[in-house]
> 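Have a look at this one before I ask anything.
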Amino acid sequence: MAQLSDDCFAFGGELMTTEAALSELRSRLSCICETEDVSLAEASGRILAEDIVSAQAVPGHDNAAVDGYAVFFDDLSEKGDTNLPVTGRIAAGHPLDGKALPGNAYRIFTGAPMPEGPDTILMQEDCKLDGETVTIPPGIKRGANRRFAGEDISVGDTILTKGQRLRPQEVGLAASIGQKSLTVYHPLRVALFSTGDEVLDIGNPLVPGRIYDSNRYSVAALLGDLGCAVNDLGILPDDHDTIREALRDAAADHDVIITSAGVSTGEEDHIRNAINDLGGIHFWRLAIRPGRPIALGQIGAVPFIGLPGNPVASMVTFMRFARPALLLMNGATDIDPKFFRVPAAFAYQKKQGRREWVRAKLSIAGDGQLQAEKFSRSGAGILTSMVASDGLVELSEELTSVEAGNMVDFLPFNEVR
Ligand code: AMP
Ligand code: MG
């Protein structure tokens, strides 16, 4: 089992850029998970822990791409119709009984194996059948409507690689070579806490001064999308000893610990001292908005991620920083989301030197092109803004303003699942 480097989040700098933070994560974190074999039925969403090399070609035989008639191309007239007797029938799963002979046509169906000899298939819609004779118009190309053995996968192809996250198509591809099971990484066991004296779990009557805990539910759902095994450990009060004991206990049987709130530098922000007692903490003062500091640390050898408390900030920082960290720890290789360049349908001023994310939805402009519309309010506590949006527009450090029509980098929420 790979180990985290000691002091995995140590960073000496002042305000840290997003790029620097991501490259720190990349260089300090590696896979900490054991592997297990799972059946294909259970493989979707898991991270592959082996390369899969095909021992066979797919498809295994040349076959028909349409329903129609298999013929020898050399029998066809270039100028006029060709009449051929239909002397055999080849259905999917039922190879031709006997040998195909020139001067004959064979009724064939999609997926049926091509017999040896015929090289071209006419679609049934293009032909006329009269009794046992088919009339074929001129103009077809040699080899038409025929799929070739190995056109999808050749023997020896690496069809899936270690570190790939398995989507439905990867699972289907594994099945297409007859693979029954795959070796994947164990899900990360994540201990999840909210913190804060004001934070109240749903199911309790709301009393003055308190708010319902939304972070634990949004973050648990984000973790679930990543395939983590989430252990919801509830809400911790703003109390040093309680926090310290709970985090120490959690470190005993989890791979990662995640909290939200309490990571600023106020006197009611107790995460810092608690983690300091147990291991080490590093505040990454990121040059970002929303977000403020993210706390990263270690409790013994167990990585700790302290997300900010504001509901939008906790989600955005999870998506951009916690997500790649967790994917690396879980053995994934492709941890970078894809951005899409779209024109902004808004104007915006920002401070130079920090990266900002504004919540935006996609719409179709008058000219039929996609555009990003910014949500009208931008507070880090406005969770309705996330619901109204399709993703985030990521504005780089250098930018000071955006004008309508400028191209911006749009990050769909679907890219950070
Ligand atoms: P803090 O980081 O503790 O200063 O919290 C920042 C803001 O986020 C405060 O307004 C908190 O009330 C709010 N907050 C903290 N935790 C949660 C939570 N679990 N769900 C919703 N809001 C929260
Ligand atoms: Mg607080």
Side-chain angles (χ1 to χ4, degrees), residues 9 15-16 21 190-225 228 230-247 250 254 256-277 281-297 304-323 354 356-357 359 375 377-389 392 413:
F9 297 120
L15 267 192
M16 194 180 189
V190 182
L192 178 63
F193 297 95
S194 288
T195 72
D197 282 349
E198 78 282 31
V199 179
L200 185 68
D201 200 8
I202 52 176
N204 296 296
L206 197 58
V207 291
R210 306 199 62 182
I211 56 163
Y212 282 126
D213 182 356
S214 58
N215 291 348
R216 204 154 38 88
Y217 293 92
S218 55
V219 175
L222 287 164
L223 288 164
D225 281 350
C228 295
V230 185
N231 190 9
D232 178 347
L233 292 171
I235 302 163
L236 296 173
D238 286 319
D239 175 72
H240 176 83
D241 292 347
T242 313
I243 292 178
R244 190 190 53 212
E245 296 313 301
L247 296 183
H254 294 90
V256 189
I257 298 173
I258 299 185
T259 63
S260 67
V263 293
S264 306
T265 46
E267 57 196 59
E268 289 295 341
D269 294 317
H270 297 283
I271 292 284
R272 173 197 292 260
N273 295 333
I275 307 282
N276 257 333
D277 283 2
I281 191 152
H282 310 287
F283 281 84
W284 282 11
R285 290 185 54 235
L286 297 174
I288 60 170
R289 188 180 128 125
R292 299 222 286 173
I294 301 181
L296 294 153
F304 165 83
I305 302 175
L307 300 170
N310 277 304
V312 175
S314 65
M315 288 193 78
V316 170
T317 54
F318 182 97
M319 290 170 178
R320 288 301 275 127
F321 301 100
R323 175 185 181 272
R354 71 182 179 200
E356 288 196 23
W357 291 275
R359 290 134 261 169
F375 189 74
R377 286 175 302 148
S378 60
I382 309 289
L383 202 46
T384 48
S385 66
M386 295 291 279
V387 173
S389 299
L392 304 169
F413 289 138

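Counting starts at 1 for both ligands and their atoms, following the listed order.
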> Checking side-chain contact (heavy atoms from CB on, under 4.5 Å) against Ile305, which of Ile258, Val219, Val263 comes through?
Ile258
> I need the contact type for Ser194 against ligand 1. Using non-hydrogen atoms and a strict under-4.0 Å cut-off, is it side chain, backbone, both or neither?
side chain
> Could you tell me which atoms of ligand 1, counted from 1 in the order shown, lie closer than 4.0 angstrom to a heavy atom of Glu198?
11 (C), 12 (O)
> Report the distance from atom CZ of Arg216 to atom CG of Leu223, rounding to the nearest 0.5 Å.
12.5 Å
> Can you find an N/O atom of Asp213 closer than 3.5 Å to an N/O atom of ligand 1?
yes
> Can you tell me which residue and heavy atom of the protein come closest to atom 6 (C) of ligand 1, and the distance to 0.1 Å?
Asn310 N, 3.8 Å
> Please state whether Ser214 comes within less than 4.0 angstrom of ligand 1, counting heavy atoms only.
yes
> Just jot down the ligand 1 atoms closer than 4.0 angstrom to any heavy atom of Val199, in number order.
16 (N), 17 (C), 19 (N)
> Please report the interatomic distance CD(Glu245) to NE2(His240), rounded to the nearest 0.5 Å.
8.5 Å
> Do any N/O atoms on Ile211 end up under 3.5 angstrom from N/O atoms on ligand 1?
no
> Do Ile243 and Thr259 pass the side-chain contact (heavy atoms from CB on, under 4.5 Å) test, and can you show the C-alpha distance, the side-chain angles, and the key distance before you say yes or no?
CA-CA 10 Å; Ile243 292 178; Thr259 63; over 6 Å; no
> Suppose I only count heavy atoms of Pro311 and a 4.0 Å limit; which atoms of ligand 1 are within that range?
21 (C), 22 (N)
> Could you find the nearest protein heavy atom to atom 23 (C) of ligand 1 and give me its residue, atom name and distance?
Gly309 O, 3.4 Å
> Quick check for you: to the nearest 0.5 Å, what is the distance between Arg377 atom CZ and Ile382 atom CD1?
4.5 Å
> Would you indicate which of Thr259, Val263, Asn215 comes nearest to atom 18 (C) of ligand 1 when only heavy atoms are counted?
Asn215
> Can Leu392 and Met319 be said to form a side-chain contact (heavy atoms from CB on, under 4.5 Å), step by step?
CA-CA 10 Å; Leu392 304 169; Met319 290 170 178; 4.3 Å; yes
> Drop me the distance from Ser389's OG to Arg359's CZ, to the nearest 0.5 angstrom.
7.5 Å
> For Asn204, which of Leu200, Leu206, Val207 qualifies under side-chain contact (heavy atoms from CB on, under 4.5 Å)?
Leu200
> In terms of atom number and element, which parts of ligand 1 are under 4.0 angstrom from non-hydrogen atoms of Gly262?
1 (P), 2 (O), 3 (O)
